[in-house]
Amino acid sequence: MKTFRNIAIALVIVLVFVIAYGLFEPRLLDVAQEEAAIPKLPEEWEGQEIAVLGDFQIGLWGDNADTVEEAVEEIIERDPAVVLLLGDFIYHPKNDTQQKVSENIEVLKPIGDADIPMYAVMGNHDFGLKKKDSQPLNEAAKKMRQALNDVGAEVLHNESALLGVNGDILPDGSKGLYITGVGSNWMGEDSAEEALKGISIDAPRVVMMHNPNSFKKFPANSAPFSVAGHTHGGQIRLPGLPGWSWMDFTSEEEKHTDGWIEDYGAAGNQLYVNRGIGMSAVPIRINAKPELTMFTLSSKK
């Protein structure tokens, strides 16, 4: 009986330790350094950096706004050519929407003040969709979109912008880098065809989306470098077992947790999934640190 009691006490201690660490890990920002190859990248874009972050989820109890601020400070210090924001800026848009919008704007405003171009896409939470079949809150998403525009972040909804290395928007046909963004997958608004309209197949581009499942919609060689969020890296997962995560047991979607996703999508396309900053359901991360990804661009694979 004493042995069982000791085992029970030991298990409780381990559980308390794991929960305590899980509450602490969201403050451990991982600044991941990656290289991304883009065919026919203009010479002036060679070696330039792109910053990628998303899934702030501001509004969840015990949320991670401080880590968003840390990521913003890192971005300003490194001064990348462009910042890509992958959606899910707010967690509960139904309640106190304007306050949550204001909180998001406060953390992003320094990037705009530093004259670093920002492009964004919208995520499912921005429409109030915790489940795919929920009723969307279009007014909340409209407020978030407008607030992003107010601080200089252009929201791309199945469209592309041709960007010069100095941040200027260039006319089609110029030498630059296309930033292509698609709408929300859960809203059924992610159209690769519409987003790529008017872009020649060999034009250099970065494709951004919130949900990795949008990636499947891109034809071969149309998305050689793509980024997505949504998954939080599984949020809670066992070390050494990436297939065993909170996401695997709570989501019915196809799973693509984080990092470069192999053997996925059409030929010639490549996707990187960012773990994001915030959390869903519970404010805990285990073995899935919040991530700011800094990509160095190159024309060579």
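In this structure, the side chains of Y91 and F56 stay at 4.5 Å or more apart for every pair of heavy atoms. When side chains are defined from C-beta on, L84 does not count as touching M118, because their heavy atoms never get closer than 4.5 Å. Side-chain contact check for L163 versus V82: some heavy-atom pair is nearer than 4.5 Å. At a threshold of 4.5 Å between non-hydrogen side-chain atoms, the residues S280 and Q235 count as touching. With contacts defined as side-chain heavy-atom distances shorter than 4.5 Å, the pair E43/K175 does not qualify. Looking only at side-chain heavy atoms (C-beta outward), P26 and R285 come within less than 4.5 Å of each other. In this structure the side chain of L292 reaches within 4.5 angstrom of the side chain of L29, judged on heavy atoms. Taking the side chain as every heavy atom from C-beta outward, L108 and L148 approach each other to under 4.5 Å.
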Please test S184 against H210 for side chain to side chain contact (heavy atoms under 4.5 Å, CB included), starting from the C-alpha separation and ending with a verdict. CA-CA 7 Å; S184 169; H210 175 69; over 6 Å; no
Step by step, would you call M279 with Q57 a side chain to side chain contact (heavy atoms under 4.5 Å, CB included)? CA-CA 6 Å; M279 298 149 285; Q57 304 279 26; 5.9 Å; no
Test side chain to side chain contact (heavy atoms under 4.5 Å, CB included) on L156 and E154 and set out the steps. CA-CA 6 Å; L156 296 175; E154 182 175 348; 3.8 Å; yes
Before giving the answer on side chain to side chain contact (heavy atoms under 4.5 Å, CB included), spell out for V206 and I38 the whole-Å C-alpha distance, their side-chain angles and the decisive distance to 0.1 Å. CA-CA 8 Å; V206 179; I38 301 178; 3.8 Å; yes
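Partners of D168 according to the salt bridge (Lys or Arg N to Asp or Glu O under 4.0 Å) rule, which considers only residues two or more places apart in sequence or in another chain, do not exist here. Every residue meeting the side chain to side chain contact (heavy atoms under 4.5 Å, CB included) condition with A141, not counting sequence neighbours, appears here in chain and number order: M122, F127.
Once rounded to the nearest 0.5 Å, the distance linking NZ of K40 with CD1 of I201 reads 10.5 Å. Interatomic distance, L177 CG to L297 CG, rounded to the nearest 0.5 Å: 6.5 Å. Between N124 atom CG and M187 atom CE the span is 10.5 Å, to the nearest 0.5 Å. M144 CE to K142 NZ: the interatomic distance, rounded to the nearest 0.5 Å, is 15.0 Å. Here NZ of K216 is found 9.0 Å from CG of N211. Values are rounded to the nearest 0.5 Å. Atoms CZ and CD, from R78 and E49 in turn, are 4.5 Å apart once rounded to the nearest 0.5 Å.
In the model, T296 has a side-chain atom that pairs as donor or acceptor with a side-chain atom of Q33 under 3.5 Å. Between the side chains of N213 and N185, no donor N or O sits under 3.5 Å from an acceptor N or O.
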For a quick test of your reading: what N or O donor-acceptor pairs under 3.5 Å do the side chains of residues 267-277 make, sequence neighbours left out?
from, atom 1, to, atom 2, distance (Å)
N269, OD1, N221, N, 3.1
N269, OD1, S222, N, 3.1
N269, OD1, A223, N, 2.8
N269, ND2, F218, O, 3.3
N269, ND2, P219, O, 2.9
Q270, NE2, I261, O, 3.1
Y272, OH, E291, OE2, 2.6
N274, OD1, G276, N, 2.6
N274, ND2, V52, O, 3.3
N274, ND2, E291, O, 3.3
N274, ND2, T293, OG1, 2.8
R275, NE, K289, O, 2.6
R275, NH1, D258, OD2, 3.3
R275, NH2, D30, OD2, 2.7
R275, NH2, K289, O, 3.4

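A salt bridge links D190 with K217: at least one charged nitrogen is closer than 4.0 Å to a carboxylate oxygen. Ionic pairing of E193 and K197 is not present here: no N-O contact between side-chain nitrogen and carboxylate oxygen is shorter than 4.0 angstrom.
For W186 and H125, the distance between ring centers is not under 6.0 angstrom.
Between G181 and A195, the shortest heavy-atom contact is O-CB, 3.9 Å.
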